[in-house]
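The next block holds one structure in the form of structure tokens; read it before the comments.
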Amino acid sequence: MDRYLVFGHPVRHSKSPFIHTLFARQTQQELEYGLAEPAVDEFAHALRTFFDQGGKGCNVTVPFKEQAFTLVDRLSTRAKRAGAVNTIKLTEDGVLLGDNTDGAGLVADLKSHGVTLADSRILLLGAGGAARGALAPLLAELPSELVIANRTHAKAQQLAAEFHDLGPVTAQTYELLAGPFDLVINSTSASLQGELPPLAPALIHTDIAIYDMMYGASDTAFICWAKQHGARQTMDGLGMLVEQAAEAFTVWRGIRPGTKQVLRELKRNLGVI
């Protein structure tokens, strides 16, 4: 039976085995999917060992995505742009292909919620790895402008410069942000600590769409804050998790699973519904 893993540290909380088991059942694919939590300095050895022992593919999560980028034989275009790998496939000719499905998962989830990206003005909060992975897929949807805001302005400027060839992307400080925006995406990890990006409440309006890449059994701090200031459409990153997994499954197996029922099952598993 074909074997797949998710590598991370820590990784015991991962919902990837749950998701991919449901995908396999739905598409009638015979595979097993497990967890691997090597020490941070043992990831390269663990990755090689997994494929040497017949592994077919894997997901890679924190803190190994950037390291995986350097360990594969070939990179997809979107992995090169993201500077990180979250999906690895052993090809039929024995090559380890590194891909990044995070941004595609984000865009798919936004569209599933009816969010219009073309000609929209998007504010992306944060300039770390999550933001980098999202930029190319977001710009491919042809927004009118994509503004990156980050606590360290120089980092936002550098990121905007790197992706400027793909579309109208700029950097701005939190203090000088000027609305209106159609969509705000929080790619920072602030919600994990119950904290908020320093965003002015005046930027929130009733027709804005709010997206937090973090998720939990209840609303994140950022979503709670946005709702308090009048946002009517808010989304967390649970759908992105499922959609990026579906993209990875497609890379591995050549068949795209449906995500709606899997997302419902995942919410039930987490106690969200």
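These numbers come from the heavy atoms of this one structure, side chains and all, not from hydrogens, waters or symmetry mates. Just so we're clear, the structure is a prediction, and the values are computed from it rather than from any experiment.
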(request) Please test Leu106 against Tyr211 for side chain to side chain contact (heavy atoms under 4.5 Å, CB included), starting from the C-alpha separation and ending with a verdict. (result) CA-CA 9 Å; Leu106 169 65; Tyr211 196 99; 3.5 Å; yes
(request) State plainly whether one hydrophobic cluster holds both Met213 and Val147, where clusters connect Ile, Leu, Val, Met, Phe, Trp and Tyr through side-chain heavy atoms under 4.5 angstrom apart. (result) no
(request) Sequence neighbours left out, what passes side chain to side chain donor-acceptor pair (under 3.5 Å) with Asp93? Give chain and number order. (result) Thr91
(request) Hey, could you give me the CD/CG distance between Gln233 and Leu183, rounded to the nearest 0.5 Å? (result) 8.5 Å
(message) Using the rule that Ile, Leu, Val, Met, Phe, Trp and Tyr join whenever any side-chain heavy atoms are under 4.5 Å apart, tell me whether Val262 and Ile255 fall into a single cluster.
(response) yes
(request) Could you tell me which non-hydrogen atom of Ile208 sits nearest to which non-hydrogen atom of Ala231, and how far apart they are? (result) CG2-CB, 4.0 Å
(message) Working to the nearest 0.5 angstrom, can you tell me the gap between Ile122 CD1 and Ser144 OG?
(response) 8.0 Å
(message) Are the side chains of Val6 and Val11 in contact, using a 4.5 Å heavy-atom criterion?
(response) yes
(request) Measure the CH2-CG distance between Trp225 and Asp219 for me, rounded to the nearest 0.5 Å. (result) 14.0 Å
(message) Measuring only between side-chain heavy atoms, which start at C-beta, is Leu135 closer than 4.5 Å to Arg81?
(response) no
(message) Can you give me the closest heavy-atom contact between Asn186 and Ser191, atom names plus distance?
(response) ND2-OG, 3.8 Å
(request) Give a yes or no answer on whether the side chain of Ser76 reaches the backbone of Ala79 with a donor-acceptor pair at less than 3.5 Å. (result) yes
(message) Hydrophobic clusters here meaning ILVMFWY residues chained together by side-chain heavy-atom distances under 4.5 Å, can you tell me if Val184 and Ile223 are in one?
(response) no
(message) For the backbone of Ala118 and the side chain of Thr116, can you confirm whether one donor and one acceptor N or O come within less than 3.5 Å of each other?
(response) no
(request) Could you list the residues that satisfy ring pair (Phe, Tyr, Trp, His ring centres under 6.0 Å) with His205, not counting sequence neighbours? (result) none
(request) Indicate yes or no for a side-chain donor-acceptor contact from Thr61 to the backbone of Gly8 under 3.5 Å, with no hydrogens or angles considered. (result) no
(message) Regarding Lys89 and Asp99, does a basic nitrogen lie under 4.0 Å from an acidic carboxylate oxygen?
(response) no
(request) Starting from the C-alpha separation in whole Å, work towards a yes-or-no answer on side chain to side chain contact (heavy atoms under 4.5 Å, CB included) for Leu124 and Ser187. (result) CA-CA 7 Å; Leu124 180 62; Ser187 78; 4.1 Å; yes
(message) Distance check, rounded to the nearest 0.5 Å: Glu243 atom CD versus Leu238 atom CG?
(response) 10.5 Å
(message) According to ring pair (Phe, Tyr, Trp, His ring centres under 6.0 Å), does anything in residues 112-146 pair up with another residue at least two apart or in another chain? List the pairs.
(response) none
(message) Do Tyr215 and Met240 have side chains that approach each other closer than 4.5 Å (heavy atoms only, starting at C-beta)?
(response) no
(request) Could you tell me whether the side chain of Leu146 reaches within less than 4.5 Å of the side chain of Pro168, counting heavy atoms only? (result) no
(request) Can you spot which of Asn59, Asn100, Asn86, Thr87 makes a side chain to side chain donor-acceptor pair (under 3.5 Å) with Gln244? (result) Asn86
(request) Show your reasoning for whether side chain to side chain contact (heavy atoms under 4.5 Å, CB included) applies to Leu110 and Leu138. (result) CA-CA 10 Å; Leu110 286 166; Leu138 285 171; 4.1 Å; yes
(message) For a side chain to side chain contact (heavy atoms under 4.5 Å, CB included) check, start with the C-alpha distance between Asp119 and Leu142, then their side-chain angles and the critical distance, and finish with the verdict.
(response) CA-CA 6 Å; Asp119 296 321; Leu142 304 179; 5.8 Å; no
(request) Using modelled atom types only, decide if a donor and an acceptor are shared between the side chain of His9 and the backbone of Pro38 within a distance under 3.5 Å. (result) yes
(message) Would a single hydrophobic cluster contain both Phe7 and Ile88, if residues Ile, Leu, Val, Met, Phe, Trp and Tyr are joined by side-chain heavy-atom contacts under 4.5 Å?
(response) yes
(message) Main chain of Phe18, side chain of Thr21: is a donor-acceptor contact present, judged purely on distance under 3.5 Å?
(response) no
(message) Within the 4.5 Å heavy-atom criterion, are Arg3 and Leu31 side-chain neighbours or not?
(response) no
(request) Go through the structure and list residues passing side chain to side chain contact (heavy atoms under 4.5 Å, CB included) with Ser112, not counting sequence neighbours. (result) Asp109
(message) Between Thr101 and Glu247, is there a side-chain donor-acceptor contact under 3.5 Å, judged purely by atom types and distance?
(response) no
(message) On a heavy-atom basis, which atom in Leu203 and which in Ala178 lie closest, and how many Å separate them?
(response) CD2-C, 4.1 Å
(message) With heavy-atom distances below 4.5 Å as the criterion, would you say the side chains of Ile185 and Leu125 are in contact?
(response) no
(message) Give me the atom names and distance for the closest heavy-atom approach of Asn150 to Tyr174.
(response) C-CE1, 3.4 Å
(request) Only counting residues at least two apart or in another chain, list the ones meeting ring pair (Phe, Tyr, Trp, His ring centres under 6.0 Å) with Tyr33. (result) His20
(request) Classify the side-chain pair Thr220/Asp212 by whether it contains a donor and acceptor separated by less than 3.5 Å. (result) yes
(message) Between Leu47 and Thr49, is there a side-chain heavy-atom distance shorter than 4.5 Å?
(response) no
(request) Could you name each residue pair satisfying ring pair (Phe, Tyr, Trp, His ring centres under 6.0 Å) that touches residues 115-163, not counting sequence neighbours? (result) none
(message) Are Phe51 and Leu5 connected into the same hydrophobic cluster when the rule is that any two of I, L, V, M, F, W, Y join if their side-chain heavy atoms are below 4.5 Å apart?
(response) yes
(request) Might you point out which heavy atoms bring Pro257 and Ala246 nearest each other, and give the distance in Å? (result) CD-O, 3.8 Å
(request) Decide if the gap between the ring center of Phe64 and the ring center of Phe43 is smaller than 6.0 angstrom. (result) yes
(message) Check this for me: Glu30, atom CD, are more than 12 non-hydrogen atoms of other residues, nucleotides or ligands nearer than 6.0 Å?
(response) no
(message) Distance check, rounded to the nearest 0.5 Å: Lys56 atom NZ versus Trp252 atom CH2?
(response) 13.5 Å
(message) Any side-chain to backbone donor/acceptor pair from Arg78 onto Ala136? Under 3.5 Å, distance only.
(response) no
(message) To check you understand the geometry: which heavy-atom pair defines the closest contact between Gly55 and Leu90, and what is its length?
(response) O-CD2, 3.6 Å
(message) Between Asp2 and Arg253, does any NZ, NE, NH1 or NH2 come within less than 4.0 Å of an OD or OE carboxylate oxygen?
(response) yes
(message) Can you tell me how far apart CG (Leu96) and CG (Asp73) are? Round to the nearest 0.5 Å.
(response) 5.0 Å
(message) So Val60 and Cys58, do their side chains get closer than 4.5 Å, heavy atoms only?
(response) yes
(request) Would you mind checking if Glu162 and Arg132 are paired as a salt bridge, meaning a charged N to carboxylate O distance below 4.0 Å? (result) yes
